[in-house]
Amino acid sequence: MDKQFYLEIKRIDAKTGARYGILHTRHGDVEVPMFMPVGTNATVKCLSPEQVKACGSGVILANTYHLHLRPGEEIVRKAGGLHAFMNYDGPILTDSGGFQVFSLSSRRKITEEGATFHNELDGGKEFFSPEEAIRIEEALGADIIMSFDECIPYPSTYQYVKRSTERTLRWAKRGLEAHKREDQALFGIVQGGEFQDLREYAAKELAAMPFDGYSIGGTSIGEPKEVCFKMIKDAIRYLPQDKPRYLMGVGSIDYILEGITEGVDMFDCVLPTRLARHGALLTSHGRVNIQRAQYKEDFTPLDDECDCYTCTHYTKAYLHHLHRIGEDFGKTLNSIHNIRFLIKLCEQARIAIKEDRFAEFKEEVYAKFGSKRGF
RNA sequence: GGGUGAAUAGCGAAGUGGCCAAACGCGGCUGACUGUAAAUCAGCUCCUUCGGGUUCGGUGGUUCAAAUCCAUCUUCACCCA
């Protein structure tokens with residue numbers, strides 16, 4: 001348990017479950033609700049730490065499994081930990097590798113002990129257990145670490161989801177017992193698939209364990225939007241009020257706003273950075289595919305309401321050109337914008353919560369963005 | 001002046017009697033992306049009223065059938081003078 005890590009709730013929106021607060025960490029205080037950019041391999045793709053920070057980032061993510069494979073946690077440890085290794089002095093969170101068991105292998109074998117899976121990238125065979133994940137995460141040295149879970153595929157049968165969810169709970173307990181570093185916050189992950197009773201069960205069981213925060217996992221993996229929203233609701237009401245809630249892997253505008261409505265504090269997602277590299281840009285008036293021919297001679301800023309470096313210095317025509325030509329700088333500029341867009345969305349949400357008008361704010365964003373323009 | 005080779009869709013380039021509206025690449029036009037196997041992937045790209053129509057430098061032949069064979073013209077490249 002990290003004594004320096006705690007959530008200070010400052011305000012709860014009058015009409016929704018939205019909360020504004022300050023998350024205190026060893027590497028600084030950050031406000032929630034917040035969006036956390038993903039830097040799987042100890043780098044947010046195409047961006048320097050300075051550029052990430054200029055977007056207003058608080059926490060950023062890195063991945064246990066990827067860093068375990070390369071360069072190996074010992075290298076990171078010898079470098080002085082993730083912060084020193086990647087030159088980021090803000091808070092860092094590491095995911096446990098549970099998601100990679102799900103996404104990286106169709107031939108995974110999950111037993112009580114842990115998960116064996118074939119990494120189809122290089123044919124390698126890996127074994128991860130709750131204890132192994134914690135051991136690696138302690139060597140990496142992030143501020144917030146995740147316990148090892150099974151991300152249950154959607155759809156799955158009730159019987160399988162039940163068995164897996166119970167196992168993930170046992171893994172959570174093992175992770176807690178294995179975790180020794182007191183300067184790291186450890187989060188448990190609520191599974192339970194689409195089943196209300198299993199989400200409730202998982203949330204209650206985890207809430208009874210001394211975690212520093214709680215994640216909702218197994219969402220945004222192909223299930224319908226309504227199913228995802230229900231999974232959040234079914235889990236979050238049983239989580240402790242005074243601990244941070246983290247909705248894993250969620251990062252589209254509507255999902256973030258709905259998550260905040262239910263009382264989620266933290267979001268992470270590869271979406272903004274991946275979309276950026278692929279030329280899809282989030283703006284206050286809807287999504288812009290910068291590759292489209294219509295932007296060839298558009299000398300206006302990408303988003304006239306955005307304060308990011310990209311929007312204040314470049315035109316759509318230039319971004320279009322860089323994208324067409326395949327220049328890396330275009331990916332950088334696009335990534336800066338998309339990350340800043342989601343971080344700013346959360347900043348505005350926090351202001352709205354403080355003013356008790358979060359519900360109105362949400363409707364304003366939807367109305368402006370336009371439901372048919374794609375989130 | 002003589003000789004040799006080549007001309008294929010926007011560009012490059014396969015194809016050398018039927019399975020060819022013609023591979024593939026580039027370019028062009030769209031779309032997707034949610035705890036990063038993702039600087040990736042997918043579709044469309046001669047015309048069409050979706051029945052079909054018009055193509056492989058031009059023209060004329062041979063053949064049941066020609067981008068593919070023959071003749072000739074044009075252009076280009078290289079070599080010899």
Side-chain angles (χ1 to χ4, degrees), chain A residues 35-47 59-67 69-70 93-106 117-124 126 133 137 142 144-152 154 187 189-191 213-225 228-229 231-232 246-256 258-259 264 266-282 287-296 322-335 338 342 374-375:
Chain A
F35 176 76
M36 310 182 286
V38 180
T40 301
N41 289 302
T43 174
V44 177
K45 290 185 194 295
C46 304
L47 299 181
V59 178
I60 63 171
L61 263 72
N63 188 283
T64 299
Y65 176 71
H66 294 256
L67 294 175
L69 287 186
R70 285 183 300 186
L93 180 156
T94 45
D95 186 27
S96 64
F99 186 75
Q100 277 59 49
V101 178
F102 158 80
S103 70
L104 223 50
S105 173
S106 56
F117 60 109
H118 295 266
N119 177 342
E120 286 162 13
L121 220 203
D122 57 13
E126 289 290 331
E137 292 189 280
I144 305 168
I145 67 176
M146 292 291 129
S147 58
F148 190 62
D149 68 330
E150 181 191 354
C151 183
I152 304 166
Y154 177 89
F187 279 33
I189 303 175
V190 180
Q191 289 294 338
Y214 296 88
S215 303
I216 299 169
T219 60
S220 58
I221 50 171
E223 79 283 4
K225 194 184 280 191
C228 176
F229 293 163
M231 290 192 222
I232 299 168
Y246 162 29
L247 181 57
M248 307 183 81
V250 163
S252 64
I253 293 163
D254 52 345
Y255 278 50
I256 287 176
E258 294 308 321
V264 174
M266 306 157 69
F267 302 86
D268 83 284
C269 197
V270 306
L271 196 60
T273 42
R274 182 180 294 166
L275 288 180
R277 272 175 275 124
H278 299 169
L281 304 171
L282 306 167
R287 195 156 133 174
V288 165
N289 287 337
I290 202 65
Q291 66 178 0
R292 292 180 62 147
Q294 71 182 93
Y295 301 116
K296 191 170 185 174
L322 292 182
H323 186 266
R324 285 298 181 95
I325 219 78
E327 282 289 342
D328 290 349
F329 188 49
K331 297 178 176 69
T332 296
L333 290 177
N334 293 348
S335 297
N338 272 359
L342 290 185
F375 290 103

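A, B, ... follow the sequence lines: proteins, then strands. Residue 1 opens every chain. Source: prediction; values computed, not measured.
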Please list each protein N or O that sits under 3.5 Å from an N or O in nucleotides 32-34 of chain B, with the distance.
unit_1: C33(B); atom_1: O2; unit_2: His278(A); atom_2: ND1; d: 2.8
unit_1: C33(B); atom_1: N3; unit_2: His278(A); atom_2: ND1; d: 3.3
unit_1: U34(B); atom_1: OP1; unit_2: Arg274(A); atom_2: NH1; d: 3.4
unit_1: U34(B); atom_1: O3'; unit_2: Gly249(A); atom_2: O; d: 3.2
unit_1: U34(B); atom_1: O2'; unit_2: Ser220(A); atom_2: O; d: 3.0
unit_1: U34(B); atom_1: O2'; unit_2: Ser220(A); atom_2: OG; d: 2.6
unit_1: U34(B); atom_1: O2'; unit_2: Gly249(A); atom_2: O; d: 2.5
unit_1: U34(B); atom_1: O2; unit_2: Gly251(A); atom_2: N; d: 3.1
unit_1: U34(B); atom_1: N3; unit_2: Ser252(A); atom_2: OG; d: 3.4

Which base, if any, makes a Watson-Crick or G-U wobble pair with [N], both distances under 3.5 Å?
N      : answer
C33(B) : none
C69(B) : G61(B)
C56(B) : none
U16(B) : none
G27(B) : U45(B)
U4(B)  : A77(B)
C50(B) : none

message: Just confirming the chi classification of G18(B), syn or anti, using 90° around 0 as the syn window.
response: anti
Check every strand shown and say whether [X] touches a base, only sugar-phosphate, or nothing at a heavy-atom separation below 4.0 Å.
X         : result
Cys151(A) : base
Leu61(A)  : sugar-phosphate
Glu150(A) : nothing
Gly222(A) : nothing

From Asn289(A), Leu333(A), Asn334(A), residue fulfilling side-chain contact (heavy atoms from CB on, under 4.5 Å) relative to Leu281(A): Asn334(A)
With [atom1] as the reference atom in both, quote the distance from [N] to [M] in angstrom, rounded to an integer.
N      : M      : atom1 : answer
G58(B) : A39(B) : C1'   : 47 Å
C19(B) : A37(B) : P     : 46 Å
A81(B) : A9(B)  : P     : 36 Å
C47(B) : C79(B) : C1'   : 43 Å
G52(B) : G43(B) : C1'   : 24 Å
U45(B) : G25(B) : C1'   : 14 Å
A21(B) : A66(B) : C1'   : 15 Å
C20(B) : A67(B) : P     : 12 Å

task: With RNA chain B as reference, determine whether Gln191(A) or Arg324(A) sits nearer its 5' end, using the nearest nucleotide of each.
output: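 The 5'-side residue here is Arg324(A).
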Interatomic distance where [atom1] belongs to [X] and [atom2] belongs to [N] [whole Å]:
X         : N      : atom1 : atom2 : value
Leu67(A)  : A37(B) : CG    : C1'   : 15 Å
Arg292(A) : C44(B) : CZ    : P     : 19 Å
Glu137(A) : G35(B) : CD    : P     : 17 Å
His323(A) : U40(B) : NE2   : C1'   : 11 Å
Ile325(A) : G27(B) : CD1   : C1'   : 11 Å
Met231(A) : G35(B) : CE    : P     : 14 Å
Lys331(A) : A38(B) : NZ    : P     : 15 Å
Leu104(A) : U36(B) : CG    : C1'   : 10 Å

For [X], check ring-ring contact (aromatic ring centres under 6.0 Å, His included) against everything at least two apart and list the hits.
X         : answer
Phe35(A)  : none
Tyr154(A) : none
Tyr295(A) : none
Phe267(A) : none

query: Within the side chain of Asp268(A), is there an N or O that forms a donor-acceptor pair under 3.5 Å with the backbone of Gly249(A)?
result: yes
message: Has Ser215(A) got a side-chain atom pairing as donor or acceptor with Gly217(A)'s backbone, closer than 3.5 angstrom?
response: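 No.
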task: Give a yes/no answer on whether the side chain of Thr273(A) brings an N or O atom under 4.0 Å of OP1 or OP2 in U36(B).
output: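 Checking U36(B) against Thr273(A), no side-chain N or O comes under 4.0 Å of OP1 or OP2.
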- prompt: Does Gln100(A) have a side-chain nitrogen or oxygen under 4.0 Å from the phosphate oxygens OP1 or OP2 of A37(B)?
  reply: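 True: Gln100(A) side-chain N/O within range (under 4.0 Å) of A37(B) OP1/OP2.
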message: So, taking the atom named CG in Leu247(A) and the one named CD in Glu258(A), what distance separates them when rounded to the nearest 0.5 Å?
response: 11.5 Å
task: Specify whether Tyr65(A) and Phe117(A) have parallel, tilted or perpendicular ring planes, treating 30° as the upper limit for parallel and 60° as the lower limit for perpendicular.
output: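 Answer is tilted, since the angle falls between 30° and 60°.
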field: Set of side-chain contact (heavy atoms from CB on, under 4.5 Å) partners for Leu271(A), sequence neighbours left out
entry: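 Result, side-chain contact (heavy atoms from CB on, under 4.5 Å) vs Leu271(A): Ser252(A), Cys269(A), Leu275(A).
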field: Side-chain-base donor-acceptor pair under 3.5 Å for Asn63(A) and G35(B)
entry: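 A donor-acceptor contact between them is absent.
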